Number of protein chains: 2
Amino acid sequence: MRVAEPTVERLVQYYRFLRQLHEEGRRVISSQDIGLTLGLKASQVRKDLSYFGEIGKRGVGYHVERLYDHIRNILSSPRVWKMGLVGVGHLGTALLGYNSLRSDKFGIEALFDVDPQKVGTSLGGISCHHVEDMPRIMQEKDIRVIILTVPAHAAQYCVDKALESGRLRGILTFTPVPVVVPRDVLVYGVDISVEMEKLLFYLKQEEVS
Amino acid sequence: MRVAEPTVERLVQYYRFLRQLHEEGRRVISSQDIGLTLGLKASQVRKDLSYFGEIGKRGVGYHVERLYDHIRNILSSPRVWKMGLVGVGHLGTALLGYNSLRSDKFGIEALFDVDPQKVGTSLGGISCHHVEDMPRIMQEKDIRVIILTVPAHAAQYCVDKALESGRLRGILTFTPVPVVVPRDVLVYGVDISVEMEKLLFYLKQEEVS
DNA sequence: TTTTGTGAAGTTTTTCACAGCG
DNA sequence: CGCTGTGAAAAACTTCACAAAA
């Protein structure tokens, strides 16, 4: 079944909220209350959840633990993805220590950089290799996904190196340039300065009116 | 005029690409070529640009420098926004040094944290204050926008402190929890782990098929 | 009575397709 | 002829509104 991207995004939010509710000992929750907390219409919440079968109880709501397990299953991964972090600068280091990026669905198995000061060292128990060695290391470690935190001008080069390994399946990029990949490689990511520009744009709008 | 969010997002991308083209000395570009580079349909590019008047030349394309100036105007800000960075951890520090976040539309005028080790010091010439002092400092410095890079559990508290100043107009958040604000405060942001979950979700989909 | 699940309606965004201008 | 600008169509996404279940 094809699940729309906005729905996946909200599922992750439902999942987090449900964990919190579960920890607080709450047993049951309505679409209304989920929506209130997450800033969504109740009908949106119900529609999202309905794509995956009837999970709620009419007149009652959703059983917190049951719905939690249900969404965990939807979001679950059939394998543990091995990842490489490319670009051990400020942002890369930040991500390495970022709690919300811990998960049992993936693990960062190698770091890559071009700085001779960093290559050969290790950070958080993960050793750093030269970008040139990506094809070999990715093959050896079966790394299929990379997190890209390199400067814009280096992005495409690093991606090409990763592609050389023949294993690359996905990229999480923080680089503010589009990268070119074959159609079977997925690219998701975040462009921080775009978010900033959006904020400034709509702040301006309000300023005028 | 109301401009849709997806359009603003793409305008930022056009703007960057045009800068690059301009630096390369290119004089003219077609919607086709813009789309090819940025992964968009030519019709999408033309539609976006048409919202702001007829700027291209039929049979020719868009004049790079003219279009560049045009989009700069659209994205321009009527003021220089003063911002505070709340949470001087790994991510906050990374953003401070992040090149793509430099702009003449805003400046980071103060740092805030709760760690006594950080309060009183300064980073990149910007001094760090205690979160408790946000209301006063924000008033003194006329800070109207905050960048939130605090742990999830601290987010709402920091936002409430910022609201106390009476100046808060916008938030750029990196926190994986929704924050509650009055309707006249804009919130944009990025949830890194949501992007990761999306990537993993669609990787899984491909795995199956 | 309460709250879900869901077709149908509504809204937003993208794509098409072609007239119109250089 | 080539490429833009743009109504109209299509697709994607959200909201409504109500029947049905607990």
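So you know, we letter chains A, B, ... as the sequences are listed, proteins then strands, and number each from 1. Quick caveat, the model's predicted, so the values are computed rather than measured.
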So what does [X] touch, heavy atoms closer than 4.0 Å: a base, only the sugar-phosphate, or nothing?
| X | answer |
| --- | --- |
| B:Ser31 | sugar-phosphate |
| A:Arg2 | nothing |
| B:Leu49 | nothing |

In whole Å, I'd like the distance from the [atom1] atom of [X] to the [atom2] atom of [N].
| X | N | atom1 | atom2 | value |
| --- | --- | --- | --- | --- |
| A:Gln32 | D:dT15 | CD | P | 14 Å |
| B:Leu67 | D:dG5 | CG | P | 9 Å |
| A:Lys47 | C:dT4 | NZ | P | 14 Å |
| B:Leu40 | C:dC16 | CG | C1' | 16 Å |
| A:Phe52 | C:dG5 | CZ | P | 13 Å |
| B:Arg66 | D:dT4 | CZ | C1' | 13 Å |
| B:Tyr51 | C:dT12 | OH | P | 12 Å |
| B:Glu5 | C:dT11 | CD | P | 19 Å |

query: Aromatic rings A:Tyr15 and A:Tyr68: how do their planes relate, parallel, tilted or perpendicular, breaks at 30° and 60°?
result: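 A:Tyr15 vs A:Tyr68 ring planes: parallel.
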query: Parallel, tilted or perpendicular: which fits the ring planes of A:Tyr202 and B:Tyr188, with parallel below 30° and perpendicular above 60°?
result: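 Parallel: the ring planes of A:Tyr202 and B:Tyr188 meet at under 30°.
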task: Record whether the side chain of B:Arg58 comes under 3.5 Å of the base of D:dG2 through a donor-acceptor pair of N or O atoms.
output: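 Check fails, no donor-acceptor contact within cut-off.
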message: How about NE2 on B:His90, more than 12 heavy atoms from neighbouring residues, nucleotides or ligands closer than 6.0 Å, or not?
response: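 At most 12 heavy atoms, drawn from other residues, nucleotides or ligands, come within 6.0 Å of this atom.
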- prompt: Taking for each residue the nucleotide of DNA chain D bearing the nearest heavy atom, is the 5' side occupied by B:Gly53 or by A:Ala4?
  reply: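 It is B:Gly53 whose nearest nucleotide is closer to the 5' end.
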Among [options], which nucleotide sits nearest the side chain of [X]?
| X | options | result |
| --- | --- | --- |
| A:Glu54 | C:dT6, D:dG5, C:dT3 | C:dT6 |
| A:Lys57 | C:dT4, D:dG5, D:dA22 | D:dA22 |
| B:Ser50 | C:dG5, D:dG5, C:dA17 | D:dG5 |
| A:Ser43 | C:dA17, C:dT14, D:dC16 | D:dC16 |
| B:Gln44 | C:dC18, C:dT15, D:dC3 | C:dT15 |

query: Quick one: do A:Arg72 and A:Asp69 make a salt bridge, cutoff under 4.0 Å?
result: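 Salt bridge flag = yes for A:Asp69 with A:Arg72.
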- prompt: So A:Ser193 and A:Glu195, side chain to side chain contact (heavy atoms under 4.5 Å, CB included) or not? Walk me through it.
  reply: CA-CA 5 Å; A:Ser193 55; A:Glu195 293 304 307; over 6 Å; no
Below 4.0 Å: OP1/OP2 of D:dG2 and any side-chain N or O of B:Tyr62: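 Answer no for this pair, as no side-chain N or O of B:Tyr62 is under 4.0 Å from OP1 or OP2.
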